[in-house]
*Asks:* 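A single structure is presented below for examination.
Since the model is a prediction, treat every value here as computed from it, not as a measurement. Numbering starts at 1 and runs along the sequence shown.
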Amino acid sequence: MRIYNTLTKRKEEFVPITPGEVKMYVCGPTVYNLIHIGNARPMIVFDTVRRYFEHRGYRVNYVSNFTDVDDKIIKKAIEEGVDADVISERYIAECKKDMEALNVRPATVHPQATQEICGMLDMIQELIDSGHAYAAEDGTVYYRVRSFRDYGKLSHKNLDDLEGGKRSLLVSGEDQKEDPLDFVLWKPKKEGEPYWESPWCNGRPGWHIECSVMSKKYLGDEIDIHAGGEDLIFPHHENEIAQSEAANGKPFARYWMHNAFLNIDNRKMSKSAGNFFTVRDIISKYDPQVLRFFMLSAHYRSPLNFSAELMEAAKNGLERILTAVSNLNFLISKADGSQELTEEEKKLLEEAAAYTARFDEAMDDDFNTADAISAIFELVKFINTNTNGESSGVYLAALHEQIRELADVCGLIVDQKEEMLDADIEKMIEERQAARKAKDFARADAIRNELLEKGIVLEDTREGVKWKRV
């Protein structure tokens with residue numbers, strides 16, 4: 001398995017710190033509003049990475065945080081006249097609803113910044129004691145960037161050419177910095193803001209220290225993979241490295257993975273720019289699985305442009321897979337379970353195994369979901385061509401398990417939950433069959449139309465009548 005490492009700017013063979021285990025940290029959202037589909041891309045991408053590791057037999061400790069203290073959260077709380085934790089808890093709950101809808105599995109741990117303040121105070125004190133940080137007169141604590149020799153190694157920026165990052169937390173007293181590049185670890189409280197006591201002042205943490213502390217607590221001093229959107233490379237992830245490696249005396253993460261932006265009209269999607277759709281906006285128009293399928297249709301390091309046309313293409317592509325599985329399920333329901341594989345079916349299953357090999361080959365190459373999905377489509381074509389009412393139950397079940405497993409790695413739910421027909425609709429289907437048998441085709445067509453109005457589509461096949469909801 002090879003992963004593109006932002007740190008080295010090349011693909012590298014994945015070698016875990018502990019054989020058979022993966023320690024993975026993914027930066028989560030700041031919870032002040034509903035998440036937009038740009039936020040959803042890393043959630044879906046790295047959930048899929050996690051699923052593939054597990055598919056390959058690894059045990060994955062997957063940590064993804066919620067930033068629940070931030071200027072935007074406080075601003076919204078003031079606007080609504082409530083405490084900041086009311087806002088953060090509300091949108092953590094809403095984020096989890098959206099994640100569930102997108103079939104993003106809960107992390108092993110979802111730490112929240114406000115619950116890890118003690119760890120932040122400890123790490124900040126360690127950095128002060130070792131000379132990597134200092135407290136200004138007003139109690140603001142800064143990280144001394146030039147004390148860390150390797151600063152800039154992730155973003156590949158020259159230290160002398162750097163300017164403060166766009167998301168550095170600026171506070172009053174910036175003129176107290178020893179160097180313009182120094183960034184905030186702790187800052188004094190303002191009127192009406194939440195705060196915690198510290199040896200330096202009553203205040204709250206800077207943004208960057210949160211992830212260093214939470215990663216250390218739940219995964220250890222050194223981890224296998226740190227991931228997030230490419231906008232986090234600088235300054236956030238660069239600052240995390242400086243903090244963690246100065247405090248722990250070890251390399252922070254072996255592999256750094258970053259997904260590219262999701263764009264609208266070829267511009268980065270962002271709340272601040274006002275060009276965004278929330279997940280709720282999109283899943284009110286499309287099945288959430290379509291959005292997930294769309295996100296995986298391109299390699300995670302490639303920019304992805306959002307459009308209605310591409311969503312329709314994703315919808316049609318997903319429908320091809322779901323239809324193949326639905327047909328398989330129908331054939332399985334009609335097959336004799338006691339049948340054994342024929343010699344021909346054994347050969348066909350050997351041929352089908354090649355599609356799983358192609359899927360794994362694509363995912364082993366830096367998690368190329370676009371090529372992996374192409375392998376699933378090839379398997380769909382094979383299934384459609386090589387199954388019928390004469391196929392044995394064990395052969396059909398083997399193909400079903402194969403496509404289900406590959407789809408599950410992508411987080412796609414292919415066995416759609418079918419609602420039971422109520423007694424009235426069952427009776428109508430039976431009546432239509434009786435009308436057809438009596439050659440009363442006008443009545444049979446009338447019943448078909450009535451069922452269509454109820455959202456039930458009938459399909460007459462050689463194996464019998466099939467139905468589905470629309």
Side-chain angles (χ1 to χ4, degrees), residues 26-43 64-102 104 106-107 109-118 120-121 138-140 165-174 184-198 201-211 213-214 228-229 231-232 236 262 264 268-285 288 291:
V26 179
C27 286
T30 300
V31 283
Y32 66 96
N33 209 329
L34 296 174
I35 62 170
H36 60 61
I37 56 177
N39 302 136
R41 189 177 193 191
M43 292 179 180
S64 185
N65 70 298
F66 289 114
T67 294
D68 60 346
V69 57
D70 178 87
D71 290 340
K72 295 186 179 75
I73 296 172
I74 294 169
K75 180 176 182 292
K76 193 169 186 70
I78 293 171
E79 290 172 354
E80 294 191 14
V82 298
D83 291 339
D85 61 355
V86 173
I87 300 297
S88 60
E89 291 301 322
R90 177 198 304 165
Y91 288 111
I92 285 173
E94 295 301 326
C95 179
K96 288 181 177 179
K97 288 180 184 177
D98 288 342
M99 290 169 65
E100 182 179 5
L102 295 169
V104 172
V109 184
H110 277 295
Q112 296 174 218
T114 58
Q115 297 174 8
E116 309 294 341
I117 299 296
C118 289
M120 296 179 205
L121 296 177
D138 67 350
T140 304
K166 294 180 180 178
R167 287 200 61 177
S168 293
L169 294 173
L170 304 179
V171 297
S172 60
E174 284 285 292
V184 173
L185 299 175
W186 189 265
K187 62 182 191 175
K189 74 179 183 72
K190 294 180 181 177
E191 187 66 32
E193 291 187 351
Y195 68 89
W196 291 262
E197 295 181 356
S198 83
C201 68
N202 291 338
R204 57 189 174 93
W207 178 42
H208 312 300
I209 194 68
E210 299 173 9
C211 291
V213 169
M214 289 184 277
D231 55 326
L232 300 181
H236 185 50
L262 182 68
I264 293 183
K268 179 198 168 190
M269 181 182 301
S270 70
K271 290 177 181 175
S272 59
N275 65 321
F276 70 94
F277 295 111
T278 67
V279 169
R280 299 287 172 88
D281 291 334
I282 302 306
I283 66 177
S284 68
K285 301 175 182 177
L291 181 56

*Asks:* Any ion pair linking Lys189 and Glu197 (charged N to carboxylate O, less than 4.0 Å)?
*Replies:* no
*Asks:* Can you give me the closest heavy-atom contact between Glu210 and Thr67, atom names plus distance?
*Replies:*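 Closest pair (atom of Glu210, atom of Thr67, distance): OE1-OG1, 3.2 Å.
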*Asks:* Around atom CD of Glu80, are there more than 12 heavy atoms from other residues, nucleotides or ligands closer than 6.0 Å?
*Replies:* yes
*Asks:* Between Arg204 and Asp70, is there a salt bridge with N-O shorter than 4.0 Å?
*Replies:* no
*Asks:* Consider only side-chain N and O atoms of Thr140 and Trp186, and report whether a donor and an acceptor are under 3.5 Å apart.
*Replies:* no
*Asks:* Are the side chains of Pro205 and Lys187 in touch, meaning some heavy atoms are under 4.5 Å apart?
*Replies:*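 Of all side-chain heavy-atom pairs linking Lys187 with Pro205, none is under 4.5 Å.
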*Asks:* Side chains of Leu34 and Tyr91: closer than 4.5 Å at any heavy-atom pair?
*Replies:*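 Counting from C-beta outward, Leu34 and Tyr91 do come under 4.5 Å.
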*Asks:* If every non-hydrogen atom of Gly28 is compared with every non-hydrogen atom of Asn65, which pair is closest and at what distance?
*Replies:*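 So the two residues come closest at N-OD1, 2.8 Å.
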*Asks:* Within the side chain of Asp83, is there an N or O that forms a donor-acceptor pair under 3.5 Å with the backbone of Asp85?
*Replies:*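 Checking the backbone N and O of Asp85 against the side chain of Asp83, no donor-acceptor pair under 3.5 Å is found.
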*Asks:* Could you walk me through whether Cys201 and Asp138 pass the side chain to side chain contact (heavy atoms under 4.5 Å, CB included) check?
*Replies:* CA-CA 7 Å; Cys201 68; Asp138 67 350; over 6 Å; no
*Asks:* Roughly how far, to the nearest 0.5 Å, is OG1 of Thr278 from CD1 of Ile35?
*Replies:* 8.5 Å
*Asks:* Between Ser64 and Val26, is there a donor-acceptor pair closer than 3.5 Å when you use the side chain of the first and the backbone of the second?
*Replies:*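 Yes; judged by distance alone, with no hydrogens or angles, the pair exists.
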*Asks:* Between Gln112 and Glu89, is there a side-chain donor-acceptor contact under 3.5 Å, judged purely by atom types and distance?
*Replies:*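 Per modelled atom types, Glu89 and Gln112 side chains form a pair under 3.5 Å.
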*Asks:* Check this for me: does any side-chain nitrogen of one of Lys75 and Glu79 sit under 4.0 Å from a carboxylate oxygen of the other?
*Replies:*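 So Lys75 pairs with Glu79 through a salt bridge.
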*Asks:* Just how far is it from atom CD1 of Ile283 to atom CG of Leu291, taken to the nearest 0.5 Å?
*Replies:* 8.0 Å
*Asks:* Centroid-to-centroid, His110 to Phe66, below 6.0 Å?
*Replies:*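 Yes, close enough.
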*Asks:* For the residue pair Ser198 and Asn202, what are the closest heavy atoms and their distance?
*Replies:* N-OD1, 4.3 Å
*Asks:* Determine whether Ile74 and Tyr32 satisfy the following criterion, side chain to side chain contact (heavy atoms under 4.5 Å, CB included), listing intermediate values before the conclusion.
*Replies:* CA-CA 9 Å; Ile74 294 169; Tyr32 66 96; over 6 Å; no
*Asks:* Identify the two heavy atoms, one from Ala113 and one from Met120, that lie closest to each other, and give their separation to 0.1 Å.
*Replies:*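 Heavy atoms only, the tightest pair is O-CE, 3.2 Å.
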*Asks:* Which of these passes side chain to side chain contact (heavy atoms under 4.5 Å, CB included) with Pro288: Val104, Asp98, Val279, Leu102?
*Replies:* Leu102
*Asks:* Taking Asp68 for the side chain and Ser88 for the main chain, is one N or O donor matched with an acceptor at less than 3.5 Å?
*Replies:* no
*Asks:* Is the backbone of His36 close enough, under 3.5 Å, to the side chain of Asn39 for a donor and an acceptor to pair up by distance?
*Replies:* yes
*Asks:* Quick one: does Met43's side chain get under 4.5 Å of Cys95's, heavy atoms only?
*Replies:*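 Yes, side chains in contact.
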*Asks:* With rounding to the nearest 0.5 Å, note down the distance linking CG in Leu185 to CD1 in Ile209.
*Replies:*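 Rounded to the nearest 0.5 Å, the CG-CD1 separation comes to 5.0 Å.
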*Asks:* If you measure from CG on Asn33 to CD1 on Ile73, what distance do you get to the nearest 0.5 Å?
*Replies:* 11.0 Å
*Asks:* Would you say that Leu121 contacts Trp196 through its side chain, given a criterion of any heavy-atom pair below 4.5 Å between the two side chains?
*Replies:* no
*Asks:* Grab the two heavy atoms, one from Gly38 and one from Leu262, that are nearest each other, plus how far apart they are.
*Replies:* N-CD2, 3.8 Å
